[in-house]
Amino acid sequence: MCVCPGPRRIGIPVRTSSLPLFSDAMPAPTQLFFPLVRNCELSRIYGTACYCHHKHLCCSPPYIPQNRLRYTPHPAYATFCRPRENWWQYTQGRRYASTPQKFYLTPPQVNSILKANEYSFKVPEFDGKNVSSILGFDSNQLPANAPIEDRRSAATCLQTRGMLLGVFDGHAGCACSQAVSERLFYYIAVSLLPHETLLEIENAVESGRALLPILQWHKHPNDYFSKEASKLYFNSLRTYWQELIDLNTGESADIDVKEALINAFKRLDNDISLEAQVGDPNSFLNYLVLRVAFSGATACVAHVDGVDLHVANTGDSRAMLGVQEEDGSWSAVTLSNDHNAQNERELERLKLEHPKNEAKSVVKQDRLLGLLMPFRAFGDVKFKWSIDLQKRVIESGPDQLNDNEYTKFIPPNYHTPPYLTAEPEVTYHRLRPQDKFLVLATDGLWETMHRQDVVRIVGEYLTGMHHQQPIAVGGYKVTLGQMHGLLTERRAKMSSVFEDQNAATHLIRHAVGNNEFGAVDHERLSKMLSLPEELARMYRDDITIIVVQFNSHVVGAYQNQEQ
């Protein structure tokens, strides 16, 4: 469905909200999942943007490697997942007898697409209680799927200290990533609350008094809450904090952040599973909880409290720390591990959790049971529930679920579930003055850019050094004409206001438009952004990025206090 309201402003105003536990004050906007420009403007300009005779990037059927698809269809239901017949004809364009012409998106059109989902927030250095080690953050998303399956979240903890920031990469639909992006931070915040505060919240609910807000969300207008499911989500969360109250003796004790993160991830995944099994008398909610459970999502979340940085990762999104060395150069420090077949420890963990006779079938073609690329994820009950439970839930569920071939399909060699877990791997890092920023991003970015290039590009952008570095040609033979073109491009950028006011947008521009010299090629960028929805996912995945900038002076002050 294409929703085309009036002209959209490029600059998105910062919007924060201090909400109760679950707010009904955030209705879903009409353009929930996909940038306005891709649905409306591109449909208008695609006729001139992509039609050409030359075999350019957008004008030839691509080869689609299996490793670009997050979920590989099994032959039993592959017919339900194939691209539309003759999809390549969308790329052939009109055929003219006249002289071939090239048409591209104009720079303003490119910018309107890249900036449609950007968001920035500046953190006050002192909020009345604590000094923040975060200067602010920039975030952005560029869809490849329609609707986009990635989500992002950022919030300030109001009853404890620190900020939470996270990216969520969905697969088999966006239902699970949407639910996790709404709910996970509440579970983490509750896990971090002291016993007295939990009692105060529970007493307020019992007596009907107003609840203490525990999170202040920082959201782009497209980052919405599911109003219909808020009561269901609240009841599950309340059950969780009631159990925490019962388990806690009330004795004062320091809360372990690592343990709180792990418990929150596991409990939310358990609630997603339980809600799908129990169902709901409301037919809409009943179908929603089943869609959430049968789809899946990875998550990479950072909790920053002063100089204490914890990263909890489930799946293959990544957290990367940008460190500025004494000579001004940039180095990347990885704060998360991918949970996939490239991680030997993950392979070993999976094999140890299942009988030896499954050693060759638990991971096939670098995928879990030959199907799923990440080895840890929320939802995905097809890899967690017993076969009997799956059949019982599907048979008693709505017709939409019972008629869906994907949900009825049982993975091959499915003998000893669960094969999948949402338990995160938590990394701790103590911030230092040379730690300048943190990049959280879904795998759509890391598939296209090396971590060192990501950190260098963001570092040079934040420090204003992007025009002063020598042009690197990386061993390519460059003619004088090509070098002149590169220098002319740099001069044009220096003579005007730099087009990106958001570090995440700047990074996406490079991820999609970089040429072999590491410079943004407008022609390539235009082609990639001109791809119709049927083809965009063939070339890249959804990209979601959060760039968190640290306050080196505050971090240094913390360090000096402890010496």
Side-chain angles (χ1 to χ4, degrees), residues 11-19 23 26 117-141 151-167 181 184-186 188-189 192 212-221 223 257 261 300-312 319-324 335 428-441 455 458-459 461-464 500-507 544-561:
I12 300 297
V14 170
R15 182 171 69 132
T16 64
S17 58
S18 180
L19 300 175
S23 170
M26 300 186 69
N117 289 317
E118 70 176 11
Y119 178 85
S120 297
F121 179 73
K122 301 303 177 187
V123 178
E125 186 168 321
F126 182 68
D127 62 4
K129 295 187 297 182
N130 305 295
V131 177
S132 176
S133 58
I134 297 178
L135 284 172
F137 70 87
D138 294 334
S139 71
N140 202 350
Q141 294 182 297
R151 293 294 186 271
R152 58 183 166 176
S153 292
T156 301
C157 298
L158 298 178
Q159 301 305 319
T160 56
R161 302 185 308 176
M163 284 191 70
L164 288 164
L165 307 105
V167 294
S181 71
L184 181 57
F185 284 10
Y186 283 116
I188 295 173
L192 292 170
L212 291 171
I214 62 175
L215 291 175
Q216 180 185 26
W217 291 94
H218 312 297
K219 305 181 80 68
H220 184 280
D223 302 333
V257 176
L261 289 167
C300 187
V301 173
H303 178 263
V304 186
D305 179 8
V307 293
D308 296 320
L309 168 60
H310 289 83
V311 173
M320 203 69 60
L321 190 67
V323 181
Q324 189 170 32
L335 295 181
Y428 172 75
H429 178 81
R430 185 171 182 79
L431 291 174
R432 307 159 299 173
Q434 62 265 39
D435 300 331
K436 300 301 182 181
F437 59 88
L438 175 71
V439 178
L440 300 172
V455 166
V458 174
Y461 171 82
L462 293 177
T463 57
D500 294 326
Q501 304 301 315
N502 181 296
T505 303
H506 185 66
L507 196 49
T544 298
I545 301 170
I546 299 177
V547 178
V548 187
Q549 191 173 2
F550 297 119
N551 190 329
S552 298
H553 300 294
V554 172
V555 172
Y558 272 105
Q559 197 175 57
N560 293 333
Q561 287 176 2

Derivation and outcome, side chain to side chain contact (heavy atoms under 4.5 Å, CB included), residues Asp138 and Ile546: CA-CA 6 Å; Asp138 294 334; Ile546 299 177; over 6 Å; no

Euclidean distance, Asn551 CG relative to Ser132 OG, rounded to 0.5 Å: 7.5 Å

Shortest non-hydrogen separation from Leu438 to Ala302 and the atoms involved: CD2-CB, 3.8 Å

Exercise: identify the closest heavy-atom pair between Ser552 and Pro433: OG-O, 3.2 Å

Chi angles and distances behind the side chain to side chain contact (heavy atoms under 4.5 Å, CB included) call for Leu135, Val123: CA-CA 5 Å; Leu135 284 172; Val123 178; over 6 Å; no

Between NZ on residue Lys436 and CG on residue Leu462, distance to nearest 0.5 Å: 10.5 Å

Residues that Asp435 engages under side chain to side chain contact (heavy atoms under 4.5 Å, CB included), provided they are two or more places apart: Leu321, Val323, His429, Leu431, Arg432

Backbone of Ser181 reached by a side-chain donor or acceptor of Ser153 within 3.5 Å: yes

Sub-4.5 Å side-chain heavy-atom contact between Met320 and Val455: yes

Worked verdict on Phe437 versus Val548 for side chain to side chain contact (heavy atoms under 4.5 Å, CB included): CA-CA 5 Å; Phe437 59 88; Val548 187; over 6 Å; no

Validation row: Asp223, Gln141 side chains within 4.5 angstrom (heavy atoms): yes

Val307 side chain near Ser133 side chain, heavy-atom distance below 4.5 Å: no

Ser139: partners by side chain to side chain donor-acceptor pair (under 3.5 Å), with sequence neighbours left out: Arg152

Spacing of His218 atom NE2 and Phe137 atom CZ [to the nearest 0.5 Å]: 6.0 Å

Parallel, tilted or perpendicular, as decided by the 30° and 60° cut-offs, for the rings of Tyr428 and His310: tilted

Donor on one side chain, acceptor on other, Ser120 and Asn502, under 3.5 Å: yes

Residue pair Leu158 / Ile214, side-chain heavy-atom distance below 4.5 Å: no

Separation of Thr156 OG1 from Phe121 CZ (nearest 0.5 Å): 5.5 Å

Under the side chain to side chain contact (heavy atoms under 4.5 Å, CB included) test, residues paired with Ala155 that sit two or more places apart: Phe185, Leu215, Trp217

Between CG on residue Asp308 and CZ on residue Arg161, distance to nearest 0.5 Å: 8.0 Å

Close side-chain approach of Val301 and Val311, heavy atoms under 4.5 Å: no

Geometric class of the His506/Tyr461 ring pair [parallel <30°, tilted 30-60°, perpendicular >60°]: parallel

Worked verdict on His303 versus Val257 for side chain to side chain contact (heavy atoms under 4.5 Å, CB included): CA-CA 9 Å; His303 178 263; Val257 176; 3.9 Å; yes

Approximate separation, where rounding is to 0.5 Å, of Leu440 CG and Ile545 CD1: 10.5 Å

